[in-house]
Amino acid sequence: MKIIILAHIMKTLSVLVVNLAICLSVFSQTDNAVLLEAENFQNKGGWVVDQQFMDLMGSSYIMAHGMGVPVEDAETTVEFPSTGEYNVYVRTFNWTSPWFEGQGPGRFQLMVDGKNTGPVLGTTGTQWMWQQVGKVRILNKKTTVSLHDLSGFNGRVDAIYFTTENIPPPNELKALGKFRKKQLGIPTKPEKTRKFGLVVVGGGVAGTTAAISAARLGLQVALIQDRPVLGGNNSSEVRVHLGGRIKVEPFPALGDVVKEIGPSRGGNAQPAEYYEDEKKMDMVLAEENISLFTNYRAFEVKTKGSRVTRVYARHIETSEEIAFSAPLFADCTGDGTIGFLAGADFAMGRESRDEFGETTAPKKADKLTMGSSVQWYSVEENDPVFFPVFQYGVEFNEKNTEQVTMGEWTWETGMNFDQIYDFERIRDYGLLVVYSNWSFLKNFSPVKNEYKNRKLEWVAYIAGKRESRRLMGDHILTEQDVTDYVVYPDASAPTTWTIDLHYPDPKNTEHFPGMEFKSIAVHKKIHPYPIPYRCLYSRNVDNLFMAGRNISVTHVALGTIRVMRTTGMMGEVVGMAASVAAKHSTTPRGVYEEHLGELKTLMEKGVGKYNAENMQNYNEGSTLGPKE
């Protein structure tokens, strides 16, 4: 026991040491310029790192998420190449511009050695842009640069550029990416490739259980997660409860790992401790066969023929890049990012009724998806609490205001927008309506006295997404598969949730046509149904598994399989299947065609801790992937 605890401590310390060493390199300089990536600031104060839109803008950024209260300054120390006069540009975004033409609320200032450089930033323009600050005189080579928030309403900064020339950096994504790498001294490709038996991308519930399951069966696993915590929608950052049932037939041992990592309390939009982030982290760190890479976002995939050979991931704060290789990969990103980058067949939106004969599907195919939720809650204080007037393009009044003290899953936006390419707008609209509604309740509502002591305590800035890409497998699960209880020979993880599909709330549509932010759920009851294993691997990328909401299902069938106890059991199955594939040097499809009985045996046993002896015996004498 002492050895296990010591190993756990050493593994945790090694992660911290690596991250600390990386964070010491916080800026780059050339002979006449300095580029500061805001997410690299040594002291971020009250600003938070937001990586959700890296694929759209090439970088994460920091944001003053103060919920109406200005946050503490972000600050870093910079070594300039020389003293003298520099032109300064800040890449920022007036985030309310899609709905409001005037100056936005994301006000902040750039400070150099404690002195204000001049203009208020973050309030103009209609896109991410390099806003010119003006000229700044640098008196000392070693200088402090800080960001001073003025509103607490999500001002955001991507990067800061000091140059002796009067030329801003490029803004076009590809050119900007090259500029960043040149300025930061990042190699075109990582110099070293880390080799594993299985690479799992995405550290939500499905990815976490897949990594644990595979590791316990002997594989050397890399788990890549683009946030500092695990759990995805079930983390303290999003705060969605675990839905669905575990430990049901035909494989009641499935769900043991979900139970191990799952929080003991449920509920949406509850205090952070309800979601027990530390439990998930401790479970992963305790697995000696897992190498955990938190704060790394996968952004590129290399293929050879119909196989993934490498995945490249970038640190969300330092921009450091790592290459990962393995014979097997698992896409647990939710958005199907790895499959998409590898050229996997995928679907997005709603199929027509005729395509699969689904009675719940619309007559005509469309791009409608279920939306994303920005959850929030307030607390009652002993004294009155001030909240600023917030009016930026969406009018709230006595007839349309939501007289509530919290908002959970029903606060759902973006059904009519692309959940990949419009995702920042979708999340921002979620923030906009929360602040706008709360401002009306606090400042103008006839019942404002009921809210005078209420404080807006928590608003999610990591949006809880329900639907985007679905990667196509050898079987596409349909509505009638589930409702008619068509059980296939490769039955695996059971889905127990209703077919639960979300639509814009008709009452909300009356008040906000085309700009809905509330949803309703339409349920169709089902009998617990075992998902075919063939839904858990790509039909055209030979070595790619998937687990989570991005598996091979129609839009209608997604309504039942997308809840997290169910996706967690998918992860367990993928981990088991990966161990079988590694043992026999075959593909995910090869497991189905030649070793399905062996997979079923594992699903019957499970990989819960109490089965450790059986797991060890199963892999005795086998080589299941290279060690680090």
Side-chain angles (χ1 to χ4, degrees), residues 46 63-71 95-96 98-100 102-107 149-155 238-240 267-272 274 371-414 425-464 502 504-520:
M63 184 166 62
H65 185 58
M67 297 168 287
V69 178
V71 304
W95 68 273
T96 57
W99 309 281
F100 184 71
Q103 290 195 341
R107 303 185 300 278
D149 177 33
L150 297 172
S151 72
F153 281 125
N154 299 86
V238 186
R239 306 190 189 183
V240 178
N268 296 322
Q270 297 299 314
Y274 274 54
S372 300
S373 290
V374 170
Q375 300 191 125
W376 62 276
Y377 69 83
S378 64
V379 294
E380 183 79 11
E381 302 284 14
N382 294 325
D383 300 306
V385 178
F386 170 75
F387 190 81
V389 172
F390 188 96
Q391 297 174 326
Y392 292 92
V394 180
E395 181 186 350
F396 281 80
N397 53 50
E398 187 176 349
K399 292 182 180 179
N400 66 18
T401 190
E402 297 282 333
Q403 293 186 16
V404 292
T405 59
M406 69 173 296
E408 49 174 309
W409 67 265
T410 57
W411 287 65
E412 182 175 348
T413 64
R425 175 189 175 121
I426 291 167
R427 190 282 308 272
D428 285 349
Y429 187 61
L431 295 174
L432 181 78
V433 294
V434 171
Y435 295 149
S436 301
N437 185 73
W438 192 249
S439 174
F440 182 82
L441 290 173
K442 293 283 289 183
N443 297 302
F444 306 108
S445 172
V447 297
K448 65 181 181 181
N449 282 340
E450 297 178 18
Y451 291 86
K452 67 179 182 179
N453 288 4
R454 278 269 163 189
K455 175 188 174 184
L456 194 58
E457 178 72 3
W458 174 76
V459 180
Y461 68 91
I462 305 293
H502 291 196
D505 184 337
K507 289 185 178 180
N508 200 242
T509 299
E510 288 179 17
H511 296 302
F512 303 94
M515 299 177 66
E516 296 90 349
F517 59 88
K518 296 291 296 294
S519 69
I520 59 169

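Here the side chain of Glu412 pairs no donor or acceptor atom with the backbone of Thr410 at under 3.5 angstrom. Judged purely by atom type and a 3.5 angstrom limit, Tyr429 uses its side chain to pair as donor or acceptor with the backbone of Met515. Remark: the backbone N or O of Thr405 is paired with a side-chain donor or acceptor of Ser378 at under 3.5 angstrom. Side chain of Asn443 to main chain of Ser439: a donor-acceptor pair is present (N/O by atom type, distance under 3.5 Å, no hydrogens or angles). Here the side chain of Asn400 pairs a donor or acceptor atom with the backbone of Glu395 at under 3.5 angstrom.
When all heavy atoms are compared, the tightest approach of Asn154 to Leu431 is ND2-CD1, 3.7 Å. The nearest pair of heavy atoms linking Val385 to Asn453 is CG2-O, 3.9 Å. Here the closest heavy-atom approach between residue Ser519 and residue Trp409 is recorded as OG-CZ3, 3.5 Å. The shortest non-hydrogen separation linking Val71 to Asp149 is N-OD2, 2.9 Å. Pairing each heavy atom of Ala269 with each of Gln375, the nearest pair is N-NE2, 3.6 Å. Of all non-hydrogen atoms in Ile426 and Ser372, the two that sit nearest each other are CG2-CB, 4.1 Å.
The aromatic ring centroids of Tyr451 and Trp438 lie less than 6.0 Å from each other. Between Tyr377 and Tyr274, the gap from one ring centroid to the other reaches at least 6.0 Å. Here the two rings, on Phe444 and Phe387, have centers that are 6.0 Å apart or farther. For an aromatic pair to be called close, the ring centres must be under 6.0 Å apart, and Phe512 with Phe396 satisfies this.
Between Trp99 atom CH2 and Thr96 atom OG1 the span is 7.5 Å, to the nearest 0.5 Å. One finds the OG atom of Ser445 at 5.0 Å from the CZ atom of Phe440 (value rounded to the nearest 0.5 Å). Considering NZ of Lys507 and CD1 of Ile520, their distance stands at 11.0 Å, rounded to 0.5 Å. Separation of atoms CE (Met67) and CD (Glu457) is listed at 7.0 Å; rounding is to 0.5 Å. Here CZ of Arg427 is found 14.0 Å from OG of Ser373. Values are rounded to the nearest 0.5 Å.
Between His65 and Val459 the shortest side-chain heavy-atom distance falls below 4.5 Å. No side-chain heavy atom of Thr413 sits under 4.5 Å from any side-chain heavy atom of Val374. No side-chain heavy atom of Lys448 sits under 4.5 Å from any side-chain heavy atom of Lys442.
Under a cut-off of 6.0 angstrom, the local environment of CD in Glu381 is crowded, with over 12 non-hydrogen atoms contributed by other residues, nucleotides or ligands.
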Open item on the list: With side chain to side chain contact (heavy atoms under 4.5 Å, CB included) as the criterion, how do Phe517 and Leu432 come out once you've worked through the C-alpha distance, each side chain's angles and the decisive distance to 0.1 Å?
Closed with: CA-CA 10 Å; Phe517 59 88; Leu432 181 78; over 6 Å; no
- [ ] Could you please spell out the steps behind the side chain to side chain contact (heavy atoms under 4.5 Å, CB included) verdict for Glu516 and Asp505?
- [x] CA-CA 7 Å; Glu516 296 90 349; Asp505 184 337; over 6 Å; no
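Between Trp376 and the choices Trp411, Tyr461, Trp458, the ring pair (Phe, Tyr, Trp, His ring centres under 6.0 Å) rule is met once, by Trp411.
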